[in-house]
Protein chains: 2
Amino acid sequence: MSKLDNKNAQPDSSCLIEKLSQFIDLSGVDKDLLATLEKSSQQFDRHEQVWGVDTQLENMYVVKQGWLITYTILQDGRRQVLELHYPGDVIGSSDIPFRHATSNLMAVEPCVLCPFPKSAIDVIFRESPRLTALIFTLAMIDKSINLDRIRILGRMSARERLAHILLEIHSRLSLTGGVSENQYRLPLSQFDLGDAVGLTNVSVSNGLTHLEEDGLISRSKGMVELKNIDRLTKLSDYINRYHEVDISWFPDAST
Amino acid sequence: MSKLDNKNAQPDSSCLIEKLSQFIDLSGVDKDLLATLEKSSQQFDRHEQVWGVDTQLENMYVVKQGWLITYTILQDGRRQVLELHYPGDVIGSSDIPFRHATSNLMAVEPCVLCPFPKSAIDVIFRESPRLTALIFTLAMIDKSINLDRIRILGRMSARERLAHILLEIHSRLSLTGGVSENQYRLPLSQFDLGDAVGLTNVSVSNGLTHLEEDGLISRSKGMVELKNIDRLTKLSDYINRYHEVDISWFPDAST
DNA sequence: CGGTAAGTTGATCGAGTTCAAACTTTGTGG
DNA sequence: CCACAAAGTTTGAACTCGATCAACTTACCG
């Protein structure tokens with residue numbers, strides 16, 4: 001699908017190791033295992049598709065740089081954005097059980113991704129219980145965010161949905177240092193944002209303006225600042241899933 | 001939370017083994033492993049809560065009998081149903097990474113559940129790559145259904161949502177023999193159904209009546225019949241995720 | 001500087017909600 | 001086995017939030 005194999009870069013000191021080490025200590029064995037799995041990184045242009053529905057997936061990706069979205073298109077051409085992906089994410093584990101991709105993956109800005117073969121998951125399951133637990137946990141955190149999305153789509157007003165997704169992005173970016181002073185760069189258009197929370201771009205514009213007038217947020221030059229996290233949190237009934245993660249049960253590192 | 005420990009039943013020939021064997025061949029070792037994990041079954045009354053948000057989860061459950069739902073309540077008391085659970089389901093894997101449950105689990109009719117300790121997952125990860133792959137796959141299938149739900153909530157009309165969820169239930173029940181002649185028992189009220197697809201009970205009533213008038217479904221005595229699956233599928237752009245599952249990559253059974 | 005993509009603002013419209021009442025089904029105890 | 005209560009479903013009328021359509025403004029990039 002992607003014709004960018006020529007854009008390969010340096011055989012960089014494993015993306016996967018770097019990212020997964022953020023969460024747990026990796027043993028030498030685990031690091032060696034990961035190192036053998038990773039290919040060299042690839043670049044993708046803004047709006048370039050990484051894979052599409054019905055692509056036979058060969059690779060999963062670690063995001064080294066840039067934001068991406070997974071989305072689906074309805075018969076009438078309307079779009080629903082399903083998930084947002086940020087630097088540090090592992091993309092593709094939810095499609096592992098399926099013959100084909102279940103959604104489209106697109107870069108919303110220039111990105112650098114580190115591919116590793118889908119078949120790696122089998123190796124990890126066999127060789128490292130600890131990495132298995134980590135991969136599983138990351139997938140389940142994503143799943144809990146999916147469920148939160150269902151909750152806001154099913155029952156919340158436009159303003160509440162917007163407040164919620166701004167907080168969700170804030171929480172995720174905080175993990176990898178993408179936030180300072182409650183301010184972060186938001187490379188999504190209002191179309192993107194609307195497609196993520198089931199609104200039109202017009203409602204997004206109105207809603208954000210409204211939130212800004214109420215002093216809950218402020219915007220300038222592609223940056224967003226959450227000026228009153230407490231009120232935003234109450235307004236949208238937001239829960240930071242990352243704060244509740246428990247990895248104490250992980251199998252010990254195999255030295 | 002549940003005070004039903006007195007309702008324990010026979011130390012039945014493992015629920016877990018029975019259910020997981022539906023999907024793959026289990027080795028003797030794997031069966032022994034599962035057998036040690038399982039506790040005796042428990043009964044739950046209609047509308048009884050199995051766990052609530054902020055319950056410290058000790059157990060996961062295999063559903064032996066009856067339907068359940070996971071749901072959340074908003075500040076204003078409105079409810080969003082997140083997932084439906086049927087006989088044969090494994091419930092609770094998505095809450096493994098969290099200190100507390102992320103949603104409420106309730107029986108919509110009298111149920112029989114087979115609990116096994118949450119800590120079992122750690123044992124499985126360490127002892128059996130093949131069972132690990134299975135648990136992971138089941139969770140990812142659920143996740144893909146979550147994403148489909150996001151898609152219909154974000155962008156679809158009332159009729160389309162109803163058609164979609166009726167097909168989703170049909171697909172799932174077909175796996176475990178709950179469907180004959182495209183007809184199945186639907187123990188959910190119109191409130192439940194509405195809370196699952198982001199509609200009021202009134203819209204559900206109108207929508208179902210409309211689908212029936214158009215000859216797409218028919219209803220009687222708690223049963224639903226899908227009279228025209230092709231048109232329902234086209235109407236709601238439905239994809240049967242179970243048909244796309246690929247388990248060829250699973251690690252070999254450890255004999 | 002000109003052209004295109006993105007964001008804002010206002011007017012109108014409609015699908016689904018809300019509220020309310022009637023009707024049907026189910027289950028239970030006399 | 002019937003009577004009655006409780007739960008669930010249907011139907012109608014009025015309303016509302018966000019969609020749609022369209023004009024306009026701003027930002028960005030070659």
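Chain identifiers are assigned alphabetically (A, B, ...) following the order of the sequence lines, protein sequences preceding nucleic acid strands; residue numbering begins at 1 within each chain. Because the structure is a prediction, the values reported are computed rather than measured.
- Reading DNA chain C from its 5' end, the first and the last nucleotide to sit under 4.0 Å from a heavy atom of chain A are C/dA6 to C/dT9.
- How far OG of B/Ser93 is from CG of B/Asp142: 6.5 Å, rounded to the nearest 0.5 Å.
- Note: A/Arg159 CZ to A/Ser203 OG = 13.0 Å, rounded to the nearest 0.5 Å.
- Residue-level contact check: A/Gly198 touches the backbone only, with heavy atoms under 4.0 Å from sugar-phosphate atoms and none from bases.
- In this structure, the separation between CD1 on B/Ile73 and OG on B/Ser103 is 11.0 Å, given to the nearest 0.5 Å.
- You'll find the side chain of B/Val224 stays beyond 4.5 Å of the side chain of B/Gln183, heavy atoms only.
- Taking B/Arg185 as the reference, B/Glu109 meet the side-chain hydrogen bond (donor to acceptor under 3.5 Å, both in side chains) condition, with sequence neighbours excluded.
- For D/dG18, the OP1/OP2 oxygens have no side-chain nitrogen or oxygen of A/Ser203 closer than 4.0 Å.
- A distance of 7.5 Å separates CD1 of A/Ile217 from CG of A/Leu232, quoted to the nearest 0.5 Å.
- With a 4.5 Å cut-off on side-chain heavy atoms, B/Pro115 and B/Gln42 count as touching.
- An angle of 50°, rounded to 10°, separates the two end axes of the helix from C/dC1-D/dG30 to C/dG30-D/dC1, each defined over five pairs.
- Shown for residues 180-191 of chain A: residues whose heavy atoms fall under 4.0 angstrom of DNA chain C, namely A/Ser189, A/Gln190.
- Here B/Val204 lies out of heavy-atom contact (under 4.0 Å) with every strand.
- Remark: B/Asp192 CG to B/Asn201 CG distance equals 10.5 Å, nearest 0.5 Å.
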Protein-nucleotides 28-30 of chain D N/O pairs under 3.5 Å:
none

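- Within 4.0 Å of B/Leu208, counting heavy atoms only, lies no atom of the nucleic acid at all.
- Checked for salt-bridge contact, A/Arg78 and A/Asp195 miss the test: no charged N lies under 4.0 Å from a carboxylate O.
- Nearest approach of B/Ile165 to B/Ala196, heavy atoms of both residues: CD1-CB, 3.8 Å.
- Just one residue in the list B/His47, B/Arg46, B/Glu48, B/Gln43 forms a side-chain contact (heavy atoms from CB on, under 4.5 Å) with B/Pro110, and that residue is B/Arg46.
- Aromatic ring orientation, A/Tyr184 versus A/His170: tilted (interplanar angle from 30° to 60°).
- As rounded to whole Å, 16 Å separates atom P of D/dC21 from atom CG of A/Asn206.
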As a quick check of understanding, evaluate salt bridge (charged side-chain N to carboxylate O under 4.0 Å, His left out) for B/Glu181 and B/Lys227, giving each step before the final call. CA-CA 9 Å; B/Glu181 315 260 334; B/Lys227 308 203 72 140; over 6 Å; no
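- Between the CG atom of B/Leu199 and the P atom of D/dG18 there is a distance of 15 Å, given to the nearest Å.
- Between B/Tyr61 and B/Trp51, the ring-plane angle classifies as tilted under the 30° and 60° cut-offs.
- Residues of residues 151-161 of chain A that place a heavy atom closer than 4.0 Å to DNA chain D, in numerical order, are A/Ser157, A/Ala158.
- Two residues are said to be in side-chain contact when any heavy atoms from C-beta on lie closer than 4.5 Å; A/Tyr71 and A/Leu82 fail this criterion.
- For the atom pair CD1 (B/Ile152) and CG (B/Leu147), the distance works out to 12.0 Å, reported to the nearest 0.5 Å.
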